[in-house]
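Notes for the one structure printed next.
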Amino acid sequence: MSEQAGDDHLPNDVPAVQTALVEWYEADHRDYPWRQTDDPYEILVSEVMSQQTQLDRVVAAWEDFLEQWPTVADLAAADRGDVVGFWTDHSLGYNNRAKYLHEAARQVVEDHDGQWPRDPDGLSELMGVGPYTANAVASFAFNNGNAVVDTNVKRVLYRAFDVPDDDSAFEETAQRLMPEGRSEVWNNAIMELGGVACEKTPDCDGAQCPWREWCSAYQSGDFTAPDVPTQPTFEGSRRQMRGRVISVLNEYDELALDELGPRVRVDYAPEGEYGREWLRGLLSDLDDDGLVTLTDGVATLSRT
DNA sequence: TTCCCGCAGT
DNA sequence: ACTGCGGGAA
């Protein structure tokens with residue numbers, strides 16, 4: 001019972017494993033602009049954008065976003081529709097994340113007098129900030145986080161140390177592996193490892209993976225990775241239709257149902273299967289999500 | 001097709 | 001524990 005899960009998966013010489021990774025990272029790594037700042041606002045923006053969007057596409061969006069809303073106070077004062085519109089203009093995916101980011105900015109300004117929480121627990125109170133993002137921001141802004149566990153970290157630990165595909169085991173092992181007080185460099189480094197050396201298709205020798213001598217997968221040649229749940233088909237999905245509604249409303253400010261419908265689905269027919277009834281349901285959900293306002297049959301992006 | 005630095009609501 | 005959430009790129 002006192003034996004911590006995951007403990008027995010680590011090599012004996014943990015300090016050597018730690019040093020190898022940190023030195024590998026510091027010798028050479030991708031130079032994303034958010035790695036040049038310790039501003040928690042700028043870090044949070046980068047993390048939220050990165051959650052489901054490839055990093056190379058995030059760079060331009062991140063720079064544009066910070067140009068438009070340079071501080072957390074600027075974002076807190078912004079119109080919700082402008083933030084959501086920005087999100088769709090930059091193809092950043094999940095519009096709810098734009099709302100969360102906007103809401104989190106307001107929380108910092110209104111609930112914390114503009115002062116950012118400096119630890120994972122405090123950061124977790126912010127809208128849209130879960131365990132991963134709380135530790136990422138605490139680490140990269142304040143060097144004060146716990147070990148991050150995302151799909152990259154899971155894949156690395158699963159392969160290198162045969163950690164079972166179990167969230168608590170990953171969390172436990174990741175934390176025991178992280179050098180005390182060095183969350184900033186460590187969390188950057190282990191995710192960099194997953195990003196450039198230990199991807200789905202590994203590149204151990206090409207990336208000169210610093211863990212080859214300890215790595216179970218490198219020894220066995222079995223580079224199986226934990227299952228990542230696959231998403232249902234996007235084409236024709238409700239998610240796609242929601243995205244189109246946001247995109248169209250961003251372009252037209254406001255539209256009546258029968259004006260909006262054909263721009264969302266070419267086969268829109270007011271009385272058909274995909275007609276007013278269907279569109280009203282879609283808009284009702286978007287309204288509940290705080291993304292769209294539907295009043296008197298006219299839809300707009302949410303203002304507040 | 002699959003991947004991509006998760007989270008909130010229920 | 002389970003479900004919904006976008007969309008570009010490889």
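Lettering of chains follows the sequences in order, A, B, ..., and the numbering in each one begins at 1.
Contact record, A/A136 with A/E47: CB-CD, 3.7 Å, taken as the closest heavy-atom pair. Residue A/D74 comes nearest to A/W69 through the heavy atom pair O-CD1, 3.6 Å, listed as atom of the first residue, atom of the second, then distance.
Applying the Watson-Crick and G-U wobble criteria (two distances, each under 3.5 Å), C/dG6 pairs with nothing in any strand.
Side-chain N or O atoms of A/N187 include one that pairs as donor or acceptor with a backbone N or O of A/V148 at under 3.5 Å.
Across all strands, A/L55 comes closer than 4.0 Å to base atoms (heavy-atom distances). Nucleic acid contact class of A/E199 (heavy atoms, under 4.0 Å, all strands): none.
Ion pairing between a basic and an acidic side chain is recognised when a charged N comes within 4.0 Å of a carboxylate O; A/D285 and A/R238 show such pairing. Residues A/E172 and A/R176 are paired through a salt bridge, judged by an N-O separation under 4.0 Å between the basic side chain and the carboxylate.
Between A/K154 and the options A/D167, A/D165, A/D166, a salt bridge (charged side-chain N to carboxylate O under 4.0 Å, His left out) holds for only A/D167.
Contact annotation: the side chain of A/D203 never approaches that of A/V196 to less than 4.5 Å [non-hydrogen atoms, C-beta and beyond].
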Practice task
Sugar-phosphate means primed atoms, P, OP1 and OP2; the rest is base. With that split, encode nucleotides 1-6 of chain C 5' to 3' as B, S or - using protein heavy atoms under 4.0 Å.
Solution key: ----BB

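Boundaries of the chain A contact region on DNA chain B are B/dC3 to B/dA8, first to last in 5' to 3' order (nucleotide atom under 4.0 Å from a heavy atom).
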Handout entry: Verdict with supporting geometry, A/D222 and A/R159, salt bridge (Lys or Arg N to Asp or Glu O under 4.0 Å)
Key = CA-CA 8 Å; A/D222 177 7; A/R159 284 175 173 167; over 6 Å; no

